[in-house]
Amino acid sequence: MGRVIFWTIVTVLFMSLLEAAVLSNLAFLPVMPDLVMLVIVYVSFMNSSAVGSTTGFFSGLLLDFLSASPIGLNAFTKTVTGYVAGKFAGAFNLDKIVIPALMGLGATVLKALVTWILSFFFGPSVIAYRLIGFGLWLEIVANVVCAPLIFALLAQFPSLFVRRGNPA
Amino acid sequence: MQKRRLPLQFRRDAFLLTLYLMVSGVFLAFSGGGFVVNFRDIGFSLMSGAQRGIYSVSSFFSGTVSAINELSDLRRKYQELSLRLEDYEILQRSNADVKAENERLKGLLGFSQSLSIKNIPAGIIGRDPNNLYSSITINRGAKQGIKKNMPVISFQGSNTGLVGRVVQVGRNTSLVMPIYDYQCFVGARLDTSRYDGLVSGQGNADAPLVMKYVKKRAKDEIMVGDKVITSGENNLYPGNVPIGFVKKIRGLDYETSIELDIEPVIDFSRLENVFVLDMSAVQAEEN
């Protein structure tokens, strides 16, 4: 479990810096795919809720340091995402495109929902997605497109991201 | 055996989930407090340092790739030129590039020196990884004299414009909240009619800014294209810094004020360099 968490956090660190220093400067991208979330979903699905919530929490905390969002926001949303994705561990076979895309879709909707709920409790510092705006829909499309790619990339390193003896 | 493990597994999952959510919730609840802010400062310094490193590495690699491309290009051209003796064209192009770069840097230097307020030039090294937030990371921090809440302006073409303010300071990097952020509010004034209002963003660099609380009687005196500047109240921002131009005037009969859509002076999609203003001398004079 420790090995998986370590390598996931290393990967998340790289992905978050890639998002902040490279992808965010590409003017032609209207929104950024949430690569960190996709990594957490994959690792959680391939392991368990405990691994998912742990990697989600620490990965979210790393993102909080890079973002103007209130500290704890990404930690909270990523913990919930990891926990929920982990609950589906081994529930179905992971194909190359459809299941990863659906998981990317579900995780983005869950993130939007959790953020919306948190905005009620923690006031205006937590910005919620707007259903009528393009932002949420574009991010869903970006995550659905990127999920199969990220899953395929991470599947190349089973020794790093899947616990030994894990049936998933 | 399997039956015994499942409840334990569930309890561990639930325990970890509860623990992490509680810690995240505490962070969220106290994110305006001293302890968490200091903790955040440390985390920001570490992470943004790494970000700066990644930026440098990516710049190095892109520079190297460009250099290799340029080298092979030059080699090909050399071979052509040795045959045709047509090197004047390349020299001209190189000269034009250097001249353009020189002009741009001279413009920035001249602008920096022309400012009456002490300023710290900085470059943009990153932007917010969260789509809902819109901070900009710059490569200057506490070590270079940057402090929280310092205003940030920029110079594009022949225009000066307000960029935002510093919200987080690390050792060598800082986080700037741009004026198009949801949470950025700037005291503003219409340059010609002198009516005041409050400018805020819509979270997107492409969406217009919104100037609220402009008195309804100003409606007849405001025209599309009017310049909007900072009012300079409270010394948060210096006065008379251009923010944008009126794009649209909106007002409902039952409301006591009107709203204006403002097109920012600064094109944030091609913003590379900014100037952080040190208002401490101005504030000391006025106090």
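Every chain is numbered from 1 and lettered A, B, ... according to where its sequence line falls, protein lines coming before strand lines.
Remark: B:Y182 OH is packed, more than 12 non-hydrogen atoms of other residues, nucleotides or ligands lying under 6.0 Å away. Heavy-atom contacts from other residues, nucleotides or ligands closer than 6.0 Å to CZ of A:F88 number 12 or fewer. Enclosure of atom CZ in A:F121 is not indicated, since only 12 or fewer non-hydrogen atoms of other residues, nucleotides or ligands lie within 6.0 angstrom.
Note that CE of A:M32 is 10.0 Å distant from CZ of B:R127, once rounded to the nearest 0.5 Å. For the atom pair OG1 of A:T79 and CE of B:M22, the computed distance is 13.0 Å after rounding to the nearest 0.5 Å. Considering OG of B:S24 and CG of A:D64, their distance stands at 8.0 Å, rounded to 0.5 Å. Atoms OH and OG1, from A:Y83 and B:T18 in turn, are 8.0 Å apart once rounded to the nearest 0.5 Å.
If you measure heavy-atom distances from A:D34 to chain B, you find no contacts under 4.5 Å at all. Within the 4.5 angstrom heavy-atom criterion, atoms from both the backbone and the side chain of A:F76 approach chain B.
When every heavy atom of A:I127 is checked against every heavy atom of B:L132, the shortest pair comes out as O-CD1, 3.2 Å. Here the closest heavy-atom approach between residue A:R130 and residue B:Q202 is recorded as NH2-O, 3.9 Å. Between B:D128 and A:A68, the shortest heavy-atom distance links the atoms OD2-N, 2.8 Å. A pairwise comparison of heavy atoms in B:D13 and A:K87 identifies OD2-NZ, 3.6 Å as the closest pair.
Between chain B and the residues A:V22, A:V31, A:L35, the most heavy-atom pairs under 4.5 angstrom are made by A:V31. When each of A:L62, A:V51, A:L18, A:T115 is checked for heavy-atom pairs under 4.5 Å with chain B, A:L62 comes out on top. Comparing B:L16, B:L19, B:L21 by heavy-atom pairs within less than 4.5 Å of chain A, the highest count is held by B:L21. Across A:S53, A:G82, A:A20, A:A75, the residue that shares the most heavy-atom pairs under 4.5 angstrom with chain B is A:A20.
You'll find the side chain of A:L118 reaches within 4.5 Å of the side chain of B:L28, heavy atoms only. Between A:L63 and B:P129 there is a side-chain heavy-atom pair separated by less than 4.5 Å. Put simply, the side chain of B:Y133 reaches to within 4.5 Å of the side chain of A:L73, judged on heavy atoms. Two residues are said to be in side-chain contact when any heavy atoms from C-beta on lie closer than 4.5 Å; A:F58 and B:Y20 meet this criterion.
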In a table with atom names and distances, give each donor-acceptor pair under 3.5 Å that connects a side chain of residues 134-141 of chain A to protein atoms at least two apart or in another chain.
from	atom 1	to	atom 2	distance (Å)
A:W137	NE1	A:L131	O	2.8
A:E139	OE1	A:Y129	OH	2.7
A:E139	OE1	B:N131	ND2	2.9
A:E139	OE2	A:K111	NZ	2.6
A:E139	OE2	A:Y129	OH	3.3

